[in-house]
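See structure below.
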Amino acid sequence: MNIGFALCGSFCTFSKIFPIMESLSKTHNLIPIVSDIVAATDTRFGTAKENWNRICDICGMEPLHSIEAVEPIGPKKLLDALIVAPCTGNTLAKLSWGIADTPVTMAVKSHLRNGRPVLVAVSTNDALGTAAENIGRLMARKYFYFVPFSQDAPIGKPRSMVAHFDQIPLALQAALDERQIQPLMLQI
């Protein structure tokens with residue numbers, strides 16, 4: 001099974017994302033996709049080159065990282081499912097409004113033309129703020145499924161929510177079966 005795995009710039013979550021990618025790569029052919037920010041940004045959580053190399057090591061190929069590279073995903077029916085993890089508030093907003101101006105958002109748009117699942121793993125400091133509307137809009141759309149999530153720091157960051165990345169494999173199977181894994185919001 002060909003699974004797209006798109007990473008957005010919530011760099012603090014990469015240490016949790018990479019082991020999930022490694023696990024999935026044992027049973028699926030992972031096609032990596034990265035946002036412009038992931039491809040180019042050095043952070044305290046690692047350099048762009050380190051992240052790029054890690055993704056290459058896990059997936060056995062370089063990530064798709066341009067609009068031109070991801071556009072054929074739909075016409076060629078390249079993916080059975082597409083995971084967006086981590087999915088930032090910026091990407092949530094663009095997906096919610098149908099904006100396809102990054103490699104990740106174009107990959108989703110292209111993939112959706114085939115009526116196949118998109119699995120979203122939220123990671124945003126504003127999930128219970130402005131991003132809540134965008135999460136709700138995507139929850140109401142066909143083919144969008146979510147990895148269960150919860151507040152990650154309710155005292156210090158009361159609007160922040162992060163997916164339980166360890167549930168990506170279960171949520172992926174549910175999405176492939178055209179159902180939303182439950183419960184969607186978990187207690188921490």
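Note on Leu170: it does not cluster hydrophobically with Phe165, by side-chain heavy-atom contacts below 4.5 Å among ILVMFWY residues. Transitive grouping of hydrophobic side chains (ILVMFWY, heavy atoms separated by less than 4.5 Å) keeps Ile99 and Val34 in distinct clusters. Hydrophobic clustering (side-chain heavy atoms under 4.5 Å, transitive across Ile, Leu, Val, Met, Phe, Trp, Tyr) keeps Ile83 apart from Val122. Residues Ile31 and Ile3 fall into different hydrophobic clusters, defined by Ile, Leu, Val, Met, Phe, Trp and Tyr side chains chained together at heavy-atom separations under 4.5 Å. Transitive grouping of hydrophobic side chains (ILVMFWY, heavy atoms separated by less than 4.5 Å) keeps Val70 and Val38 in distinct clusters.
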*asked:* The test is side chain to side chain contact (heavy atoms under 4.5 Å, CB included); show your working for Thr13 and Phe45 and say whether it passes.
replied: CA-CA 9 Å; Thr13 64; Phe45 301 104; over 6 Å; no
_Trace of the side chain to side chain contact (heavy atoms under 4.5 Å, CB included) decision for Arg141 with Leu95_ = CA-CA 11 Å; Arg141 295 232 177 97; Leu95 293 174; over 6 Å; no
*asked:* Does Arg44 form a side chain to side chain contact (heavy atoms under 4.5 Å, CB included) with Phe11? I'd like the steps, not just the answer.
replied: CA-CA 9 Å; Arg44 63 187 167 116; Phe11 297 99; over 6 Å; no
*Taking it one step at a time, do Val108 and Leu82 satisfy side chain to side chain contact (heavy atoms under 4.5 Å, CB included)?*
CA-CA 7 Å; Val108 171; Leu82 175 55; 3.6 Å; yes
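To the nearest 0.5 Å, the span separating OG1 on Thr43 from CZ on Phe14 amounts to 8.0 Å. Interatomic distance, OG of Ser35 versus CD1 of Ile33, reported as 11.0 Å (0.5 Å rounding). Remark: Leu172 CG to Met1 CE distance equals 8.0 Å, nearest 0.5 Å. The CZ atom of Arg179 sits 7.0 Å away from the CD1 atom of Ile181 when rounded to the nearest 0.5 Å. Atoms CG and CD1, from Leu7 and Ile55 in turn, are 5.0 Å apart once rounded to the nearest 0.5 Å. How far CG of Asn51 is from CD1 of Ile17: 11.5 Å, rounded to the nearest 0.5 Å.
Closest of all the heavy-atom pairs between Cys8 and Val84 is SG-CG1, 4.0 Å. Between Gly4 and Leu79, the shortest heavy-atom contact is N-CD2, 3.5 Å. Between Thr88 and Gly9, the closest heavy-atom pair is CG2-N, 3.7 Å. Across all their heavy atoms, Phe146 and Leu119 have their closest contact at C-CD1, 3.8 Å. Across every non-hydrogen atom of Met21 and Leu30, the tightest pair is O-CD1, 3.3 Å. Minimum heavy-atom separation, Leu138 to Phe144: O-CB, 3.4 Å.
Screening residues 70-80 for side chain to side chain donor-acceptor pair (under 3.5 Å), with sequence neighbours left out, gives no hits. The list of side chain to side chain donor-acceptor pair (under 3.5 Å) pairs with a residue in residues 100-123, not counting sequence neighbours, reads Ser10-Ser123, Lys94-Asp101, Thr102-Thr105.
Residues passing the side chain to side chain donor-acceptor pair (under 3.5 Å) test with Asp42: none are found, sequence neighbours excluded. Here Lys157 pairs with Asn125, Asp152, Ala153, Ser160 under the side-chain contact (heavy atoms from CB on, under 4.5 Å) rule; sequence neighbours left out. Not counting sequence neighbours, Thr124 has no partner by the side chain to side chain donor-acceptor pair (under 3.5 Å) test. Taking the salt bridge (charged side-chain N to carboxylate O under 4.0 Å, His left out) definition, one finds that Glu22 meets it with Arg54, sequence neighbours left out.
More than 12 non-hydrogen atoms from other residues, nucleotides or ligands lie less than 6.0 angstrom from CE of Met61. Within 6.0 Å of CD1 on Ile37 lie no more than 12 heavy atoms contributed by other residues, nucleotides or ligands.
You'll find the side chain of Gln180 stays beyond 4.5 Å of the side chain of Met139, heavy atoms only. Two residues are said to be in side-chain contact when any heavy atoms from C-beta on lie closer than 4.5 Å; Phe149 and Leu184 meet this criterion.
In this structure a side-chain-to-backbone donor-acceptor pair under 3.5 Å is present from Arg137 to Ser96.
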